[in-house]
Structure formats: C-alpha cells, structure tokens
Amino acid sequence: MSISHAPPSPAPASDISGKSEKEPVEAKPPATPPDLVALLPSSTRRTRVPRWLRRTTGPVLLLALWQLLSATGVLSGDVLASPGTIAQVAGDLIEDGSLTSAMSVSLQRVAVGLLLGALVGTGLALLSGLFRVGEDLVDASVQMLRTVPFVGLIPLFIIWFGIGETPKIAIITLGVSFPLYLNVYAGIRGVDSQLIEVGESLGLSRWGLVRHVILPGALPGAMTGLRYSLGIAWLALVFAEQINADSGIGFLMVQARDFLRTDVIVVCLIVYAFLGLLADFVVRTLERLLLQWRPTFTGR
C-alpha cells in the first residue's frame with residue numbers, strides 16, 4: 001500500500017539578507033499635533049491696569065492729601081496755600097498774561113543755553129574721546145572745571161557780562177556742558193573694541209568707523225546726558241532768574257517772595273516742574289526713535 005505525501009507548501013520568498021518579504025502596510029495619516037498653548041509670564045496674566053492710570057495715581061493721592069491737610073487746618077494758608085487756591089491764582093496769572101509771558105522768556109533762555117551747552121559739551125567730548133592728543137589737552141581741564149559749583153560763578157559772570165541776558169545764558173550753558181561731556185565721552189570710550197576690529201576688517205576708513213560704529217555706539221550715552229542736562233538747565237535757570245532779572249518765572253518768584261505770596265511761588269514751582277517734565281518727555285520720545293535698534297528691558 002503506497003502512502004502519498006502532500007507536496008510541501010512553498011516557503012516565503014526571502015531577500016538576500018534572509019528576511020522574508022512582508023506584505024505592504026498601509027501608511028497611516030500623520031497624527032494631528034496638539035494645540036499649542038502660549039505660556040505667558042505671571043506678570044502678564046494679572047489683571048491689566050492702564051499704565052496712564054497707574055502713573056497718575058501717585059500725584060492724585062498727593063493732591064488729595066494736600067487738600068485734606070489744608071481743609072483740616074493742619075496746613076495754614078500762610079505756610080502753604082491749598083490746591084484750590086493755587087489753581088485759582090494760576091488762572092488769574094494766565095488771564096492777565098503775566099505767567100505766559102514769563103514762560104516764554106524762560107523757555108527762550110533755556111533753549112539758547114541748552115543749544116550752546118550741547119555744542120560745547122559734545123564738541124569737547126568728541127575731541128577728547130576720539131583723539132588721545134585731545135584727551136591729554138582737554139580732559140584734565142574739564143574735570144577740574146566741573147568740580148567748581150557753577151552757581152558760585154554767578155557774581156563773576158555779572159562782573160564780566162553785566163546784568164543783561166548774557167550772564168543768565170552763560171550760567172545755563174556752563175551747567176549743561178559738563179553732563180553732556182561726561183556721558184558722550186564715556187559713550188565713545190565704551191564702544192566695544194571688537195566692533196572696531198570688525199569695521200576695520202570690512203575696509204571702513206577712520207571717518208567710516210566714526211560715522212557707522214563709534215557715534216551710534218555712543219548715542220545711548222549722549223541721550224542720557226541730554227536728559228540729565230535738561231534738569232541742570234532748569235536748575236541753573238532758577239538761580240539765574242532770581243538775580244538781577246526783570247522777566248521770567250524766577251522774576252515772578254522774587255516778586256511773590258517780597259509780598260509773601262506763597263501761592264504764586266508754588267505756581268511758579270509747578271510751572272518749572274511741568275516744563276521740565278515736558279522737556280524730558282520730548283527727549284525720551286527722541287530716544288525711542290533714534291535707538292530702535294537697541295533692545296532693552298522695559299520692566300515687568
């Protein structure tokens with residue numbers, strides 16, 4: 001009896017490496033990525049209060065406290081007038097034109113003194129910062145003169161220039177020059193030397209280095225010096241206008257002092273503060289426009 005054997009089933013085909021061929025697997029569509037959630041710093045997740053409201057909260061609270069002390073009699077009118085009285089006096093001074101005329105004269109003096117001081121301070125800083133010979137000739141003299149209180153030079157300026165506008169503008173010019181000199185000089189000498197090497201490797205001439213590397217690098221220091229110089233300019237104006245002046249805000253203060261008008265004196269001080277704040281706002285706006293290339297920390 002013969003036994004028949006079933007033919008063996010064919011073995012799966014193998015590749016060269018001995019691995020059997022697998023049936024093709026359908027490609028699955030790529031998984032949809034999960035939605036990304038933006039992570040915000042804790043400072044931005046808080047309830048936002050408008051910045052103008054936060055900046056005005058302090059002055060408003062100070063005015064409210066001032067008014068409260070005046071209303072309760074803690075501050076008498078002879079010592080310090082109430083905010084309401086000061087507002088009324090300011091309106092009267094504006095109405096008769098004396099305050100606007102004084103502001104115009106004072107602004108003109110500050111503008112001329114600031115312009116002359118900026119030219120002198122910046123010019124000396126460029127001479128001293130860009131050239132070693134200039135530093136040897138200029139820096140020691142400037143450092144010596146800036147230690148002299150410029151207010152103490154008022155009597156000497158009166159002897160030299162008389163009692164007109166010249167000594168007033170000269171004292172403002174002197175007060176403005178030194179902060180600008182120090183900051184511009186420090187800005188020039190603070191430029192990274194590697195930037196100078198990169199500019200030289202690119203083939204920039206000496207004037208090209210000054211124009212495209214050194215001056216832009218020194219610009220932040222120059223803007224800081226300009227902001228500081230504005231404060232010094234108003235301070236110098238206060239002293240200059242209270243000595244042999246017949247116009248300006250300081251002249252109004254001298255007249256008010258003679259008649260014991262504390263309300264007029266406070267009005268003049270507020271005008272000084274407002275003009276200084278306005279000038280600082282203009283410089284900060286100019287700084288944001290000129291220094292857009294410089295990322296800075298703005299607080300959180």
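Just so we're clear, the structure is a prediction, and the values are computed from it rather than from any experiment. FYI, the numbering just counts along the sequence from 1. Below, all heavy atoms of this structure are taken into account, side chains as well, without hydrogens, waters or symmetry copies.
Using a 4.5 Å cut-off on side-chain heavy atoms (C-beta onward), I249 and M103 make contact. Looking at Y228 and L182, their side chains never come closer than 4.5 Å, going by heavy atoms from C-beta outward. Looking at T262 and L80, their side chains never come closer than 4.5 Å, going by heavy atoms from C-beta outward. At least one side-chain heavy atom of M253 sits under 4.5 Å from a side-chain heavy atom of L269.
The main-chain N or O of S101 is never found under 3.5 Å from a side-chain atom of S104 such that the two would form a donor-acceptor pair. Side-chain atoms of W160 do not come within 3.5 Å of backbone N or O of P155 as any donor-acceptor pair.
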Could you list the donor-acceptor pairs under 3.5 angstrom formed between side-chain atoms of residues 110-128 and any protein atom two or more places apart in sequence or on another chain?
{"unit_1": "T122", "atom_1": "OG1", "unit_2": "A118", "atom_2": "O", "d": "2.8"}
{"unit_1": "S128", "atom_1": "OG", "unit_2": "Y181", "atom_2": "OH", "d": "3.2"}

Atom pairs and distances, donor-acceptor, side-chain atoms in residues 140-148, under 3.5 Å, two or more places apart:
{"unit_1": "Q143", "atom_1": "OE1", "unit_2": "R146", "atom_2": "NE", "d": "2.5"}
{"unit_1": "Q143", "atom_1": "OE1", "unit_2": "R146", "atom_2": "NH2", "d": "3.3"}
{"unit_1": "Q143", "atom_1": "NE2", "unit_2": "D139", "atom_2": "OD1", "d": "3.4"}
{"unit_1": "T147", "atom_1": "OG1", "unit_2": "M144", "atom_2": "O", "d": "2.6"}

Pairs under 3.5 angstrom only: tabulate donor-acceptor contacts from the side chains of residues 86-96 to other protein residues two or more places apart or in another chain.
{"unit_1": "D96", "atom_1": "OD1", "unit_2": "S98", "atom_2": "N", "d": "3.0"}
{"unit_1": "D96", "atom_1": "OD1", "unit_2": "S98", "atom_2": "OG", "d": "2.8"}

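Residues passing the salt bridge (Lys or Arg N to Asp or Glu O under 4.0 Å) test with R189, sequence neighbours excluded: E135. A search for side chain to side chain contact (heavy atoms under 4.5 Å, CB included) contacts involving V60 returns nothing, not counting sequence neighbours. Checked against side chain to side chain donor-acceptor pair (under 3.5 Å), Y272 has the following partners two or more places apart in sequence or in another chain: E241. Not counting sequence neighbours, the partners of F161 by the ring pair (Phe, Tyr, Trp, His ring centres under 6.0 Å) test are F157. Scanning for side chain to side chain donor-acceptor pair (under 3.5 Å) contacts around S82 gives T85, with sequence neighbours left out.
Cluster annotation: L278 is not connected to V105 through the hydrophobic network of ILVMFWY side chains, with a link wherever side-chain heavy atoms come within less than 4.5 Å. Under the 4.5 Å side-chain heavy-atom criterion for grouping Ile, Leu, Val, Met, Phe, Trp and Tyr, W66 is not connected to L68 through any hydrophobic cluster. Under a hydrophobic clustering in which Ile, Leu, Val, Met, Phe, Trp and Tyr are joined whenever their side-chain heavy atoms come within less than 4.5 Å, directly or via other members, W207 and L209 fall into the same cluster. Two different hydrophobic clusters hold V198 and I214 under the rule that ILVMFWY side chains link at heavy-atom gaps under 4.5 Å. By the rule that hydrophobic residues join a cluster once side-chain heavy atoms approach within less than 4.5 Å of another member, V282 and L286 end up as members of separate clusters.
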Subject >> Evaluation steps, side chain to side chain contact (heavy atoms under 4.5 Å, CB included), between L137 and F131 >> reply: CA-CA 10 Å; L137 296 176; F131 308 99; over 6 Å; no

**OP:** Just do the side chain to side chain contact (heavy atoms under 4.5 Å, CB included) check on V184 and I188 with the steps written out, would you?
**Re:** CA-CA 6 Å; V184 174; I188 292 174; 4.0 Å; yes

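The salt bridge (Lys or Arg N to Asp or Glu O under 4.0 Å) contacts involving residues 164-188 comprise R109-E165, where partners must be two or more places apart or lie in separate chains. Among residue pairs with one or both ends in residues 252-280, those qualifying as salt bridge (Lys or Arg N to Asp or Glu O under 4.0 Å) are R227-D280, R261-D263; sequence neighbours excluded. Applying the salt bridge (Lys or Arg N to Asp or Glu O under 4.0 Å) test to pairs two or more places apart or on separate chains, none has a residue in residues 208-225.
Taking each heavy atom of S70 and P83 in turn, the nearest pair found is OG-CD, 4.4 Å. The heavy-atom pair separating A102 from L252 by the smallest distance is CB-CD1, 3.7 Å. Smallest separation of non-hydrogen atoms from A218 and V191: N-CG2, 4.3 Å.
To the nearest 0.5 Å, atoms CD1 (I171) and CG (L235) are separated by 10.0 Å. One finds the CD1 atom of I270 at 12.0 Å from the CD1 atom of I265 (value rounded to the nearest 0.5 Å). Within the model, atoms CG of L219 and CG of L215 stand 8.5 Å from one another, a figure rounded to the nearest 0.5 Å. The CG atom of L275 sits 9.5 Å away from atom CG of L237, with the distance rounded to the nearest 0.5 Å. For the atom pair CG of L202 and NE2 of H212, the computed distance is 11.0 Å after rounding to the nearest 0.5 Å.
L62 shares a hydrophobic cluster with no other residue; no ILVMFWY side chain has heavy atoms under 4.5 Å from its own.
The number of heavy-atom neighbours closer than 6.0 Å to CD of Q108, taken from other residues, nucleotides and ligands shown, is 12 or below.
Only one option out of L174, L180, V176 pairs with F178 in a side chain to side chain contact (heavy atoms under 4.5 Å, CB included); it is L174.
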